[in-house]
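Keep in mind the model is a prediction, meaning the values are calculated, not measured. By convention here, the first residue in the shown sequence is residue 1.
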Amino acid sequence: TQFAQMVPSTQVPDAYESYLRQSTSLEGAEHERYQDAKRALRARLSGRRRQIQLEMRQSEQRIGAAMARDPDDSLRFLRQVEARFRKMVRAVGADDLAEKRQLDDVHQHRIQTRLDRHKQRARTAAQTALAQTPPRPHAVYSALEQLLRLEMKDKVHTLNHLEHLQLADPARAAQIVEQVRAHLAAVDAQKDAALRLLDGASTAQFGNVRHRLARFLATYADVERSQ
């Protein structure tokens, strides 16, 4: 970004740079690394603003020293300097917002990638247990319950993120609201597809699995309605 070099960089990347350079999410460490990156970015942004303020004060001091010698030219120069710094502040503000959004986008992408990976593992485990001879109802139930939990977790996370953006960055929230609706519809479709894995399975062997999954979903729906 335009003002990324205003604060001197060190040889060792800070947590913000390290987070963005990281190619994939590290299992179990994503939240902590994201919080570290946010703190590092806040420190960068504060440093940029402090540097602008320092340069502004130094310019005003030089103009003040020249005022006695040439007040007219000094006033004209002061107006030019003030206009320049106003432009710099606006540009830094735009850069700050872009970097915050980039960091948030990377974090959301990594969370979604990890959720999708876990969903695929649970789906494969359910399909494998169903295909075995004899089938393994308990293993099927465990895998499908895990898959449904992940779909619900995806839904809750998506809604919480949108709610956060509506407070912190309303413009960004407005930009992604249709994308969120489409994603929530996809989550519901994937939940239905998970239940359809039992289509054609023996009622004698899997009737209890269907009943337990229906009870699990009903309990979750009650919790969701109470929120």
Side-chain angles (χ1 to χ4, degrees), residues 1-115 157-180 183:
T1 54
Q2 183 176 355
F3 290 92
Q5 303 302 321
M6 289 187 66
V7 180
S9 61
T10 59
Q11 291 184 343
V12 179
D14 63 11
Y16 170 68
E17 283 186 31
S18 297
Y19 183 83
L20 293 182
R21 291 178 182 180
Q22 174 188 327
S23 59
T24 58
S25 172
L26 299 177
E27 290 290 337
E30 172 61 26
H31 179 72
E32 291 78 6
R33 290 174 67 88
Y34 173 62
Q35 293 301 322
D36 289 344
K38 280 186 16 178
R39 284 189 286 269
L41 179 58
R42 281 197 294 269
R44 284 185 172 214
L45 304 185
S46 296
R48 292 175 194 172
R49 294 189 185 98
R50 284 195 302 271
Q51 186 159 339
I52 289 176
Q53 292 167 356
L54 174 61
E55 291 182 7
M56 181 67 184
R57 285 195 299 270
Q58 291 173 340
S59 295
E60 289 174 340
Q61 290 169 359
R62 288 195 294 271
I63 293 169
M67 189 70 72
R69 298 191 303 272
D70 194 340
D72 291 338
D73 280 350
S74 295
L75 284 173
R76 281 194 296 273
F77 184 54
L78 177 61
R79 285 193 289 270
Q80 293 172 0
V81 167
E82 288 174 342
R84 171 175 170 264
F85 277 103
R86 281 194 296 270
K87 183 177 180 181
M88 287 176 64
V89 168
R90 287 194 298 270
V92 167
D95 281 354
D96 290 358
L97 180 59
E99 288 179 304
K100 288 176 182 176
R101 287 177 175 177
Q102 179 190 28
L103 182 62
D104 181 67
D105 287 347
V106 170
H107 178 56
Q108 297 308 316
H109 174 73
R110 288 178 180 167
I111 288 177
Q112 191 62 53
T113 298
R114 185 167 62 182
L115 276 170
H157 173 76
T158 300
L159 289 170
N160 286 344
H161 180 241
L162 179 62
E163 183 178 345
H164 166 73
L165 284 182
Q166 286 170 336
L167 295 174
D169 190 352
R172 180 61 174 159
Q175 289 175 352
I176 69 167
V177 67
E178 291 303 323
Q179 175 185 333
V180 167
H183 181 72

- Message: Any non-hydrogen side-chain atom of R84 less than 4.5 Å from a side-chain atom of K87?
- Response: no
- Query: Less than 4.5 Å apart, any side-chain heavy atom of H183 and any of Q112?
  - Reply: yes
- Task: Might you work through the side chain to side chain contact (heavy atoms under 4.5 Å, CB included) test for R33 and H107, ending with a clear yes or no?
- Result: CA-CA 10 Å; R33 290 174 67 88; H107 178 56; over 6 Å; no
- Query: So how far is it from Q53 CD to F85 CZ, rounded to the nearest 0.5 Å?
  - Reply: 10.5 Å
- Taking side chain as C-beta onward, heavy atoms only, is M56 less than 4.5 Å from M88? no
- Got a second to check how far T158's OG1 is from E163's CD, nearest 0.5 Å? 13.0 Å
- side chain to side chain donor-acceptor pair (under 3.5 Å) test vs D96 passes for just one of R49, R44, R42, namely R49
- Item | Rounded distance [0.5 Å steps], NE2 in H109 versus CG in D104 | 13.0 Å
- Considering non-hydrogen atoms only, spot the tightest contact between D36 and A15 and give its length. O-CB, 3.6 Å
- Message: Give me each pair satisfying side chain to side chain donor-acceptor pair (under 3.5 Å) with a member in residues 165-176, each pair once, sequence neighbours excluded.
- Response: R101-D169, D105-R172, R172-Q175
- Message: I need the L41 CG to L103 CG distance, nearest 0.5 Å.
- Response: 6.0 Å
- Query: Are more than 12 heavy atoms from other residues, nucleotides or ligands located less than 6.0 Å from atom NE2 of H157?
  - Reply: yes
- Output the distance between atom OH (Y16) and atom CD (Q102), rounded to the nearest 0.5 Å. 4.5 Å
- Message: Quiz question: by atom type and distance under 3.5 Å, do the side chains of Y19 and Q35 form a donor-acceptor pair?
- Response: no
- Query: Looking only at heavy atoms, what is the nearest atom pair of R110 and L20, with distance?
  - Reply: NH2-O, 4.0 Å
- Quick one: do R48 and E99 make a salt bridge, cutoff under 4.0 Å? yes
- When rounded to the nearest 0.5 Å, the distance separating CZ of R114 from CD of E30 is 6.0 Å
